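Working notes, structure below.
Remember, predicted model here, so these are calculated numbers, not experimental data. Letters go in sequence order (proteins before strands), and every chain restarts at 1.
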Amino acid sequence: MQRFVDLYQTLDETNATSAKVRAMADYFASAPAADAAWAVYFLTGGRLRRLAKPAELRQWVLDLTGMPDWLLEETYSSVGDLAETLSLLLDTVLAPPEQASEPLHVWVEQRLLPLRQQAEPDRKRQLIGWWTGLPTGGRFVLNKMLTGAFRVGVSRRLVVRALAQASEVEPARLAHRLMGHWQPDAAFFRHLLDPKDHGEDASRPYPFFLASPLAGEPGELGARSDWLAEWKWDGVRGQLLQRGGDCYLWSRGEDLMEGRFPEIEAAARALQDGTVLDGEILAWDDDRPLPFNVLQKRINRLRPSARMQQRAPVIFLAYDLLEQDGGDLRALPLTERRQRLAALLDHADGSIRLSRPLDDPDWDSLARRRDQALAMGTEGLMLKRLNSPYRVGRTRGDWWKWKIAPLTIDAVLLYAQPGHGRRSNLFTDYTFGIRDGDGLVPIAKAYSGLDNAEIEQLDRWIRSHTTERFGPVRAVEMQQVFELAFEGLAESGRHKSGLALRFPRIARWRHDLGPADADSLTSVRELLDSIRSGY
Amino acid sequence: MSLELIRPGRRGLFCEAGDFHIDPWRPVPRAVITHAHADHARSGSDIYYAQHDSVPLLRKRLGPHSLIRGVDYGEPFRLGQTTVSLHPAGHILGSSQVRVEAGGEVWVASGDYKRDPDPTCADFEVVPCDTFITEATFALPIYRWRPVAAVAGDIHAWWQANAAADRPSVLFCYALGKAQRLMAELLAYTDRGIYLHGAMVPLVAAYRDAGIAMLPSLPVSAAGRGHRFSEDLILAPPSAAGSPWMRRFRGHSTGFASGWMRIRGNRRRRGYDRGFVVSDHVDWPDLLRTIRETGARRVLATHGRTDVLVRYLNEVEGVAAEPLETLYSGESDD
């Protein structure tokens, strides 16, 4: 495992993307295939689940070090990352050796995975033995494998770039081979880097093409007639595959949404075999979308009841045709793909439908159309170049999302808790409230939007204005007001306010406002009404 | 209840029996100074008492006309009804613990200190006392320092690897104490000259005047026009990170030498490529060892994680401990 620990350290110790890619490429080119497969698995965000509970790991470290548990808690809140806290604390009792022995795949397959079947005393004994035998860096990587994702500043895209450097396989094919479910073993890794095309697994979707936000004016994109415009629907982006007599519905997060949307799967069976659609899963009623939180009720519900299907009906709104008769259409121009798609779905009014292009003839009329986005239940418009192929990932130039200006409210900071990864010892996850009578009621949680200096400033303020602690969460004095930007507003039981914001984030820290200036439940409800009535 | 020989006042730690302050944060008639870092040595007092070696450093901080009386380590002097003496604290050049004795009670205010050997200053001396006033900057069990000679080896290896790739190595560290300590420790690996940020130049000169052996150095401003620094090590204060001054070091790699670098999040948040764990403050094991060795019945904790230290001493070590409010930062000068 030493080689993987070294790779982890190298990735952690450089901020230069090119150096990270080079380090991974060197690793992939030289590590045994069985180890490299697991490295790909971990670096692309794979986790080993249910090996040991964090509470157990904590308890074992307390038993080993003999320190009081409050001291471990204080240390954890200062370090922010449990895996790191435990490895550092173990230094107090275990003198770390220099090298981690045994290859990565042996660690995972013969040591870690069998933990699931073992009783607590056995797992404890094993863990203590491993901790004793590993250097601090190895202990940290082991604890990371036990507790969750790595977060070492490499994206899936960078891993693909490194794999491409280490092989003769083009990035698009690598990305495709990494989609869906695969078993991290030597055979998989050799197949991954095999320059020959073997005809890919039937369940495997194509890598998604993602749009970039349009910062300027659409007029800068050239003639309106070169572009297809459609609503930017607010659902779950997905790919619907009908292959080999089976239907596979994938979300963009690469989850197979099997059994969750039976009405879509049933409709897909009517498609010809060898068809792949790109589109959006939406809660839909008649001819318009329902708020996102209606869809949310369905996302995690396996085999929904007929009543649930009636209360929260869903459809697959198709944007694109990626495969027909088993042939990959991605290189064809969008116009051609859309013509075929329209022909395929023209009659459809069931659970698979066509996203209709908007026919406003020029950019000005299109801009006026965009003003109705909220009333239409959408986030704005999508602009796609008519002669563009279906590309991979977030490649700029051919697909743009032209979103409407976000809605905003002013809300008061109520609670804070530490973030993850590089923000793990800072308070970066915030809960905000709005006025309700004399008090404040929570309405949203938000993470991003402040710059580093502001995050540090707010972190200091939180630490010195804490009124109460609930585990990692701190209640703070209700003084700081923030402008929150968001994309939509709906009724929801999630927060006490009875309202939920869609994609909330901090737009500005309003040093100029006090809690009395914040929005109230009444004013936010008025905003909801005005959205519903289309202003 | 023992006599309260030293207590926090509006202007700093005050010894009423001796009518003097220790490291006051506002002007006072008589100030005893533990060391020359900014949060411990502030200008405006009538007279300062400090160990001889810190006098030149204090002059730079307090101005040329301040009245500073230099004393030797272990040389007792009378202030009011107390006998005061200074003892090595091992923190930076001239750093001292202040021993105060009156009416059979002995108190020691240790300022900032460490136990690890440091070629740029005298080793910490254990001074037996009844009440020990300690810092708590790194009072968490995860803070443990490796031998600094080994860390200097890591820094040297990082510098060599960067040089081989034509990358300047910019190492951020505090300008007083840390920079000179690293320059002295690196002598074991090389005698190649390094470059210094302008803010460090006079402080390094003061250490050289005190006879401390260190790597040869030049101010960055003395490098010829067009010099690319691609094989050089440059020391700079952390405030220089991200400033336009950095632009001259094309393709540089950055490192930060500090006890805080023990935690990954601290390094990654600031965007340094490398963190080197080196501190001029005591780590957790040495903090507890020192408290035991002084034999103090009572401990007062000033700055840092006083909450953790106080609770641990009371509950685990069985030593009476309380926090003491001060304005020392400790964190910023590591």
Residue, of T14(A), T75(A), T85(A), that accumulates the most heavy atom pairs under 4.5 Å with chain B: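 Highest number of pairs under 4.5 Å: T75(A).
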
Would W70(A) and E315(B) count as a side-chain contact (heavy atoms from CB on, under 4.5 Å) here? Give the steps. CA-CA 11 Å; W70(A) 65 263; E315(B) 292 185 10; 3.3 Å; yes

Look at atom CZ of R250(B) and say whether more than 12 heavy atoms of other residues, nucleotides or ligands are closer to it than 6.0 Å.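 No - once you tally the heavy atoms of other residues, nucleotides and ligands closer than 6.0 Å, there are 12 at most.
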
Working to the nearest 0.5 Å, report the span between [atom1] of [X] and [atom2] of [Y].
| X | Y | atom1 | atom2 | value |
| --- | --- | --- | --- | --- |
| I263(B) | L88(A) | CD1 | CG | 7.0 Å |
| S87(A) | I142(B) | OG | CD1 | 10.5 Å |
| Y143(B) | S78(A) | OH | OG | 4.5 Å |

Against chain A, label V316(B) side chain, backbone, both or neither, depending on which of its atoms sit under 4.5 Å from a heavy atom there.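 For V316(B), side-chain heavy atoms alone lie under 4.5 Å from chain A.
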
Can you say whether Y272(B) sits under 4.5 Å from chain A via the side chain, the backbone, both, or neither, judging by heavy atoms? backbone

Should D12(A) and R264(B) count as an ion pair when the cut-off is N to O under 4.0 Å?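 Looking at R264(B) together with D12(A), the answer is yes, because their closest N to O distance falls below 4.0 Å.
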
Do NZ/NE/NH1/NH2 and the carboxylate oxygens of R305(B) and E74(A) come within less than 4.0 Å?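 Looking at E74(A) together with R305(B), the answer is yes, because their closest N to O distance falls below 4.0 Å.
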
Might you work through the salt bridge (Lys or Arg N to Asp or Glu O under 4.0 Å) test for R146(B) and D91(A), ending with a clear yes or no? CA-CA 11 Å; R146(B) 287 167 67 219; D91(A) 273 3; over 6 Å; no

Where P141(B) and T92(A) come nearest, the two heavy atoms and their spacing: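 In this case the closest contact between P141(B) and T92(A) is O-CG2, 3.5 Å.
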
